[in-house]
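Reviewing the structure listed below.
Position 1 is the first residue of the sequence; numbering continues from there. We count ligands from 1, going down the list as the structure has it; atoms in each ligand are counted the same way. Any value given below was found using the heavy atoms of this structure, including those in side chains, with hydrogens, waters and symmetry copies removed.
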Amino acid sequence: MATNRRTWLKQVGLGIAGVGLTNLTSSYASPQTEALINGLAAINDTPILLRSNENPYGPSPMARSAIADHLHVSNRYNWNIISELIAALSKKNNVHDENILLGAGSTEILDMVARYAALEKGNFVIADPSFDYWTAPLSTSVLSKIKVPLTADKKIDLAAMQKAINQDTRLIYICNPNNPTGTICERSSLVKFVNEVPRKVIILVDEAYLDFTTQQSLSGLINDYPNLVIVKTFSKIYGLAGARIGYGIAHKTMIDKLSTFPSAPNNSISVLSRLAAMASLKDEKFIAETFSLNEAARQYTVAGLEQLNLSCIPSHTNFIYFSLANFKKDFFQQLTNNNIQGTKIYEEQGKWTRITVGTMQEMQQFIKAIQ
Ligand SMILES: Cc1ncc(COP(=O)(O)O)c(C=O)c1O
């Protein structure tokens, strides 16, 4: 256990920063807290997590220090940090502060948009497969789901999506790049699409993985299209999935509407997560490193999968969509035997699954496990 705790402290960076938990466990922690910390260490020592598209290198060193150095300010609400973060995000995205809405993960923003769309009866349009966990409350309530198949090369079919819109459509969701397929829509096609979709339809563009590409965000369009909402997250390239921080970018009128859903808008994120997010924005070195480490590990993995005769969809993200049609063994059993967590079959036909790109070492273990 002692080794586990040391490993965990090293991983979270607090040991290095010389702050907090080492002292906390030795001098202040109750047996229950110590057990919790040891439990977390045990979790960290267990499987290779290639399931949820997290950043295996994060949080960034600057974010770790920000958290460690500011534990003591958690006793105050620190409202000023919210406005500083909003200002940093509006600057980064070249919009105004009034165009930003913070959430505890982008899931919270997706949820607000869903609830806003569901104020009236109708339908919503989504590609299939795409990231759809956030739609669960929609499908069971007033909005029916119109699923639009991807193209043969697993791209979002923007023309078909547009055609699927009818007079009752409240919302259309575009995940760019798309989860789980890793494919990307050309920016010019997206701009045309946004322009052609009727203004009464909310266009929700999820840019969770856009940081793994060189494509420019659609944030520049929000002033011309009050029906456009862009969602972003700190959970992926910024490595802060557990810190729960994301945001929406939209026209002020849309932000005002979405802000009516939480009882205190912009206030669901802890002070430490806000500080971590601000520090992450400054840690350009870490982002650049993650970007290139991801590219290298992804290239290695695709080559390994193709060598096993498993076809892969070209990915613009930190995950790979590939077919198990030619895989002779039980893929998920092979993963389990090797203490690796994958996801599921997304499309029965063609047996398509997804694997997150971890570190190079993790991907070497993954390829070895399925050979
Ligand atoms: C496309 C997409 N959008 C949003 C999310 C949710 O991210 P968050 O952690 O910001 O809630 C995920 C998480 O995997 C995702 O893949």
Side-chain angles (χ1 to χ4, degrees), residues 49-56 58-59 63 85 89 93 100-115 124-138 150 154-156 161 171-185 190 202-213 215 217-219 229-250 258 261-262 266 268-270 273-274 276-277 280-281 290 294 298 313 315-321 341-344 346 352-358:
L49 301 172
L50 304 180
R51 186 181 52 184
S52 304
N53 308 337
E54 295 140 339
N55 181 337
L85 177 58
L89 291 174
N93 292 283
I100 302 282
L101 183 60
L102 300 177
S106 56
T107 302
E108 194 185 9
I109 307 293
L110 292 168
D111 188 60
M112 287 177 212
V113 178
R115 288 199 278 155
F124 70 100
V125 178
I126 184 165
D128 181 36
S130 190
F131 182 70
D132 64 356
Y133 293 105
W134 61 277
T135 68
L138 279 183
L150 302 175
K154 307 292 177 198
K155 290 186 177 157
I156 290 184
M161 298 280 285
L171 168 70
I172 188 160
Y173 171 74
I174 306 285
C175 189
N176 191 54
N178 188 40
N179 179 4
T181 56
T183 50
I184 193 163
C185 300
L190 273 176
I202 304 159
I203 307 170
L204 179 54
V205 179
D206 188 336
E207 295 185 349
Y209 300 99
L210 198 68
D211 298 318
F212 291 99
T213 77
Q215 190 180 101
S217 165
L218 288 188
S219 58
V229 182
I230 292 154
V231 283
K232 300 246 185 208
T233 183
F234 280 88
S235 298
K236 306 302 174 183
I237 206 163
Y238 290 100
L240 289 170
R244 309 306 301 129
I245 179 156
Y247 59 105
I249 309 174
L258 299 178
F261 292 95
N266 294 316
S268 55
I269 311 150
S270 75
S273 295
R274 287 176 228 157
S280 299
L281 289 174
T290 295
N294 177 64
R298 189 175 70 202
I313 299 299
S315 167
H316 297 263
T317 59
N318 64 338
F319 52 86
I320 300 158
Y321 199 57
Q341 289 186 2
T343 50
K344 60 177 185 181
Y346 284 87
W352 291 93
T353 189
R354 185 194 75 194
I355 200 79
T356 297
V357 177

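Of the heavy atoms in Trp134, none comes closer than 4.0 Å to ligand 1. At a heavy-atom cutoff of 4.0 Å, ligand 1 is contacted by the side chain of Arg244 but not by its backbone. Residue contacts with ligand 1 for Ser106 involve both N, CA, C or O and side-chain atoms from C-beta outward (heavy atoms, distance under 4.0 Å).
Summary of contacts: the protein heavy atom closest to atom 14 (O) of ligand 1 is Lys236 NZ, 2.8 Å. In terms of protein heavy atoms, atom 3 (N) of ligand 1 is closest to Asp206 OD2, 2.6 Å.
Considering backbone and side-chain atoms together, Ser52 places no N or O closer than 3.5 Å to any N or O of ligand 1. Polar contact with ligand 1: present for Thr107 (N/O pair, distance under 3.5 Å).
Shown here for Ser217 and Glu207, the closest heavy-atom pair between the two residues is OG-OE1, 2.8 Å. Across all non-hydrogen atoms, the minimal contact from Leu204 to Trp134 is CD2-CH2, 3.6 Å.
Proximity of Asn176 to Gln215: side-chain heavy atoms (C-beta onward) are separated by under 4.5 Å at one or more points. Put simply, the side chain of Ile100 reaches to within 4.5 Å of the side chain of Ile249, judged on heavy atoms. Residues Leu89 and Leu281 are in side-chain contact: their nearest non-hydrogen atoms beyond the backbone lie under 4.5 Å apart.
The side-chain hydrogen bond (donor to acceptor under 3.5 Å, both in side chains) test with Thr356 singles out one residue from Thr343, Asn53, Asn318, and that residue is Asn53. Of the residues listed (Thr213, Leu190, Ile156), the one engaging Ile184 in a side-chain contact (heavy atoms from CB on, under 4.5 Å) is Thr213, and it is the only one.
No hydrogens or angles considered: nothing links the side chains of Asn178 and Tyr321 as a donor-acceptor pair under 3.5 Å.
Below 4.0 Å from some heavy atom of Cys175 lie the following atoms of ligand 1, by number and element: 1 (C). With ligand atoms numbered from 1 in the order given, ligand 1 contributes 10 (O), 11 (O) to contacts under 4.0 Å with heavy atoms of Gly105. Residue Ser235 approaches ligand 1 through these ligand atoms, each under 4.0 Å from one of its heavy atoms: 8 (P), 9 (O), 10 (O). Near Tyr209, the atoms of ligand 1 lying under 4.0 angstrom from a non-hydrogen atom of the residue are 1 (C), 14 (O), 15 (C), 16 (O).
A cation-pi contact, defined as under 6.0 Å to the ring centre and within 45° of the axis, is absent between Lys236 and Phe234.
Among Tyr238, Phe234, Phe131, the residue whose heavy atom sits closest to atom 15 (C) of ligand 1 is Phe131.
The shell of residues lying under 4.0 angstrom from ligand 1, judged by heavy atoms, includes Ala208.
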